[in-house]
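Structure, as structure tokens:
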Number of protein chains: 2
Amino acid sequence: MRYSDTRKEETRKAILRAAASAVRAKGPDGVGVAEIMAEAGLTHGGFYAHFRSKEALVAAAVEEAFAQSARRFARMTQGMSAPESLAAFVDAYVSPEHRAHPSRGCPLATLSSDLPRQGEAVRAAYERGVKGLIARLAGWLPGEAGDLHGLAASVAAEMAGAVALSRAIADDDEAIRLLADARARIKSRIGIFQ
Amino acid sequence: MRYSDTRKEETRKAILRAAASAVRAKGPDGVGVAEIMAEAGLTHGGFYAHFRSKEALVAAAVEEAFAQSARRFARMTQGMSAPESLAAFVDAYVSPEHRAHPSRGCPLATLSSDLPRQGEAVRAAYERGVKGLIARLAGWLPGEAGDLHGLAASVAAEMAGAVALSRAIADDDEAIRLLADARARIKSRIGIFQ
DNA sequence: TAGGAAATATGATGATTATCATATTATGAT
DNA sequence: ATCATAATATGATAATCATCATATTTCCTA
């Protein structure tokens, strides 16, 4: 073996991270293979040594994007109780920071309308990510287990919808007010006050 | 004048309608000028006699899509009281039919993630459409005028988010259950029961 | 330290697409 | 019926992009 055992894997990871960011920033069809490779510090030619096709990369990037979000929130809520985690999650999700940084944000708010138009592999990765997010949310919600999934889905829909809506508002102050209002409504709806 | 006064305007309308549908179905960047023109029964060459650029067409198509939705709901709720209109609106919006037909659906549920990546003109048209939708909703909501805008925005976010979410679920039955649940939650949240 | 394979780069290809230049067709007034 | 012209079509161009073929570089091992 002429290269270290981990070299190729590291390169693959770098491409994947670049893609996870670029796909959210520019959309799966708005970004090119060459651009992603350049972002990872490489040229376009080596791409197919790492991924079978652009679609395979996009599918992996969607999975990576959801995984990044999950890790970020896991870190953020470390050691918190369920209600604290929930509040922190809503605050971080329905926030001006999230609105301002699609490339690091939740794919649900950033890719929702692109997804139905993607290939099967990408849609499957997205569906897994969505379900994981809802399950995590449901685990934090108070109440009897039976009904929590529906409430979690409803809350996820409103959070993602609110962030997407806020991105349609050009005026920052107006968008920030919309987010603050949505945040308050969501929290009161799930029994978190103030 | 060798052609009837209305001929060109009619052709423009035909292109616009084709675009309004295609843009929702395939995304602003997923559809080509030639494809839209073919859909309107024309060839690509004449396009620039009707629109200055593809972006101008997309902006007009977004406006048209919002206008179509508004007209459709105006027709549907004709003669209804505010609470009835509201209930009919939620039922029609958060529905399997809406999920199944993005090309005729609300741009908010179909284009949200594409929009931030579009040019200024498109984003402006979208923002106007979104604000119109929220204002219409607010007009139907019960309560004191002051707080209705925030609630309307929150409801719009959840409705659009729920439809987008349902489109990520491949299994029809599961998606339909999600929609039914979201519908019930939204209606109970705005004081409509059953 | 040199050889050789693994990793990456360079360059090419064909497909697609927005836009524009020019040709053709359709139509209503004469 | 014919003509002038508005409306539309045909065809070209240049750019972009996914993919692939081939060349070059890198760096571990012997």
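Sequence lines set the chain letters: A, B, ... in the order given, protein chains first and strands last, and positions in each chain run from 1.
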- Message: Quick one about B/Ser154 and A/Glu158 (side-chain donor to acceptor, distance below 3.5 Å, no hydrogens or angles considered), yes or no?
- Response: yes
- Atom CD of A/Glu9 to atom C1' of C/dT8: distance rounded to whole Å? 17 Å
- Side-chain contact check for A/Thr43: nearest option of C/dT10, C/dT8, D/dA7 is C/dT10
- Item | Length of the line joining B/His50:NE2 and C/dA18:P, which is rounded to integer Å | 17 Å
- Taking only side-chain nitrogens and oxygens of B/Ser53, does any of them come within less than 4.0 Å of OP1 or OP2 of C/dA18? no
- Partners meeting salt bridge (charged side-chain N to carboxylate O under 4.0 Å, His left out) with B/Arg17 (sequence neighbours left out): none
- Using the test salt bridge (charged side-chain N to carboxylate O under 4.0 Å, His left out), find all partners of A/Glu35 that sit at least two apart in sequence or belong to another chain. A/Lys26
- Message: Run the salt bridge (charged side-chain N to carboxylate O under 4.0 Å, His left out) test against B/Asp29 and tell me which residues pass, sequence neighbours left out.
- Response: none
- Counting side-chain heavy atoms from CB outward, which of C/dC20, D/dC20, D/dA18 is closest to A/Lys54? D/dA18
- Go through C/dA7, C/dG11, C/dA9 for me and flag the one nearest to the A/His44 side chain. C/dG11
- Message: Run the side-chain contact (heavy atoms from CB on, under 4.5 Å) test against B/Glu120 and tell me which residues pass, sequence neighbours left out.
- Response: B/Arg123, B/Ala124
- Between B/Phe51 (CZ) and C/dA18 (C1'), how many Å, whole number? 15 Å
- Message: Rounded to whole Å, please give me the gap between CD in A/Glu55 and P in D/dT19.
- Response: 9 Å
- Query: Has B/Tyr48 got a side-chain N or O lying under 4.0 Å from the OP1 or OP2 atom of C/dC20?
  - Reply: no
- What parts of residues 17-36 of chain A reach DNA chain C, counting only heavy atoms under 4.0 Å away? none
- Task: Go through the structure and list residues passing ring-ring contact (aromatic ring centres under 6.0 Å, His included) with A/Tyr126, not counting sequence neighbours.
- Result: A/Phe66
